[in-house]
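These notes are about the structure you will find just below.
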Amino acid sequence: MTLSTQLLNWYYENARDLPWRKDKDAYKIWVSEIMLQQTRVEAVKDYYQRWIERFPTLEVLAEASEQEVLKYWQGLGYYTRARNLLAGVREVCATYGGEMPNDERTIQRLPGVGEYTAGAIASIAYDRRTPAIDGNVLRIFSRLFCLDGDITKQATKREVDHLVRQHMPYNCPGDFNQALMDLGATVCIPRNPRCQMCPLANLCEGYAREVQDTLPVRPVKKEPLLIHLAAGLVLRDGQYLVRRRPERGLLAGMWEFPTVELTEKRFAVESLKEGLQNEFGQEATVGKREFHYIHTFSHRKWDISFYHCQWFAGSELLEGVRWLSSTEGNPLPWAGPHHKVALALGLA
DNA sequence: AATACGGGGGT
DNA sequence: ACCCCAGTATT
């Protein structure tokens with residue numbers, strides 16, 4: 001018995017039933033792989049189903065508008081993934097006549113497709129013998145071979161890449177890669193790995209030395225920056241004032257309620273009033289605080305308070321600003337705390 | 001080689 | 001609260 005046969009035998013008995021495993025359509029594999037970047041299977045399932053329903057083929061997606069595409073992505077996070085996917089399918093249509101390239105190198109040239117995703121698509125959709133090294137594989141192999149180097153370092157990744165290539169079968173590389181995902185998701189999990197039921201326990205050096213819980217080794221993360229924000233729920237004639245975030249940076253291109261950053265939290269009302277005046281040239285009355293959220297992003301933590309506001313005079317609106325009514329069923333993509341508030345107000 | 005980029009589920 | 005996930009692009 002070899003590592004790959006033990007793993008595959010386990011996989012064929014225990015493979016998860018996932019929506020993107022129903023066929024080997026490269027476009028669908030692509031969509032699933034992008035959605036699954038840094039995102040759990042459970043979170044992806046519903047998004048994937050709705051996505052495929054609306055954009056069943058690469059050509060359909062290529063014809064869609066970016067705003068609509070973002071709408072289908074809202075709440076999933078890492079929104080450049082959606083933009084890159086859209087740009088990618090357009091590139092396939094324009095450059096490859098709508099036919100997906102089937103070699104890893106060409107696939108990796110598509111926007112948003114890196115080494116891992118290219119390997120996953122090439123192996124799963126086209127039976128190419130290419131590794132797909134993600135967090136699961138790094139964790140599994142660091143335990144299997146007692147690799148105690150920092151898995152975020154290039155040197156450790158090269159080491160794992162070498163080992164994966166050694167153990168990857170020639171007949172079903174896609175199954176092998178997916179088997180590693182499933183093992184990492186259900187057995188060789190980050191904390192408290194279930195080694196008693198692991199099909200590779202007899203081969204696992206980490207398990208033999210009882211150091212499986214100390215692996216893999218990661219760097220210590222740094223403290224997120226705390227930012228205080230006040231947001232205005234500016235109401236006029238049953239409509240709320242919303243604006244589009246900048247094209248680059250955090251929550252790029254998503255819609256939000258106007259906010260001001262606070263230097264002093266206790267001056268929230270005054271700062272909001274002044275901020276609205278500066279941005280929209282209108283005097284607003286700031287009412288009572290309605291919602292309060294602590295929202296942690298990867299490297300910053302928003303302490304954000306929402307205030308009901310009112311203003312009366314009409315005015316010219318700038319680019320990327322509009323009024324939104326809860327009865328329109330408007331298709332604007334939201335994200336972050338704004339998404340939750342928009343849902344509560346019936347705007348999302 | 002670092003850093004930016006979301007959000008949610010498990011512990 | 002904290003951890004970390006089917007990573008990639010940018011600096």
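Chain letters run A, B, ... following the sequence lines, proteins first and then strands; every chain starts at 1.
The residue among A/Ile189 and A/Pro337 whose nearest nucleotide of DNA chain B lies closer to the 5′ end is A/Pro337. Two residues, A/Gln154 and A/Asn192, neighbour DNA chain B, and the one matched to the more 5' nucleotide by heavy-atom proximity is A/Gln154.
Regarding A/Arg16, its CZ atom lies at a distance of 12 Å from the C1' atom of C/dC5, rounded to whole Å. Note: CG (A/Asn84) to C1' (C/dA9) measures 8 Å, nearest angstrom.
When only modelled atom types and interatomic distance are considered, A/Arg243 and A/Thr259 share a side-chain donor-acceptor pair under 3.5 Å. A donor atom on one side chain and an acceptor atom on the other are not found under 3.5 Å apart for A/Tyr116 and A/Gln37. Under the 3.5 Å distance criterion, with hydrogens and angles disregarded, a donor-acceptor pair is assigned to the side chains of A/Gln277 and A/Glu283.
Below 30°, between 30° and 60°, or above 60°: for A/Phe141 and A/His167 the angle between ring planes is between 30° and 60°, a tilted geometry.
Residue-environment remark: CD (A/Gln6) exceeds the threshold of 12 foreign heavy atoms within 6.0 Å.
Taking atom C1' on both C/dA9 and B/dG8, the two are 23 Å apart, rounded to the nearest angstrom. Using C1' as the reference atom, C/dT8 and B/dG9 are 23 Å apart when rounded to the nearest Å. Between B/dG10 and C/dA6, the distance separating the two P atoms is 12 Å to the nearest Å.
For A/Tyr79 and B/dG7, the shortest distance from a side-chain N or O to OP1 or OP2 is below 4.0 Å. Phosphate contact (OP1/OP2 of C/dC5, side-chain N/O of A/Arg139, threshold under 4.0 Å): present. Note on A/Lys153: a side-chain N or O is less than 4.0 Å away from OP1 or OP2 of B/dA2. Taking only side-chain nitrogens and oxygens, A/His295 never comes nearer than 4.0 Å to OP1 or OP2 of B/dG6. Listed pair A/Arg218 / C/dC5 meets the phosphate criterion, a side-chain N or O lying under 4.0 Å from OP1 or OP2.
Taken residue by residue, residues 19-46 of chain A places heavy atoms nearer than 4.0 Å to DNA chain B at A/Gln38, A/Thr39, A/Arg40. Within residues 250-263 of chain A, no residue has a heavy atom under 4.0 Å from DNA chain C. A heavy atom closer than 4.0 Å to some atom of DNA chain C occurs in A/Val113, A/Gly114, A/Glu115, A/Tyr116, A/Thr117, these being the qualifying members of residues 113-124 of chain A. A heavy-atom distance below 4.0 Å to DNA chain B is reached by none of the residues of residues 161-181 of chain A.
The ring-ring contact (aromatic ring centres under 6.0 Å, His included) check on A/Phe291 picks up nothing, with sequence neighbours excluded.
Electrostatic pairing of A/Arg128 and A/Glu104 does not count as a salt bridge here, judged by no charged N lying under 4.0 Å from a carboxylate O.
Relative to the ring axis of A/Phe306, A/Arg289 does not place its NZ or CZ within 45° and under 6.0 Å from the centre.
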Exercise for review: Both distances under 3.5 Å, Watson-Crick or G-U wobble: on that basis, could you give the dot-bracket string for DNA chain B, with [ ] for crossing pairs and | for other-strand partners?
Suggested key: |||||.|||||
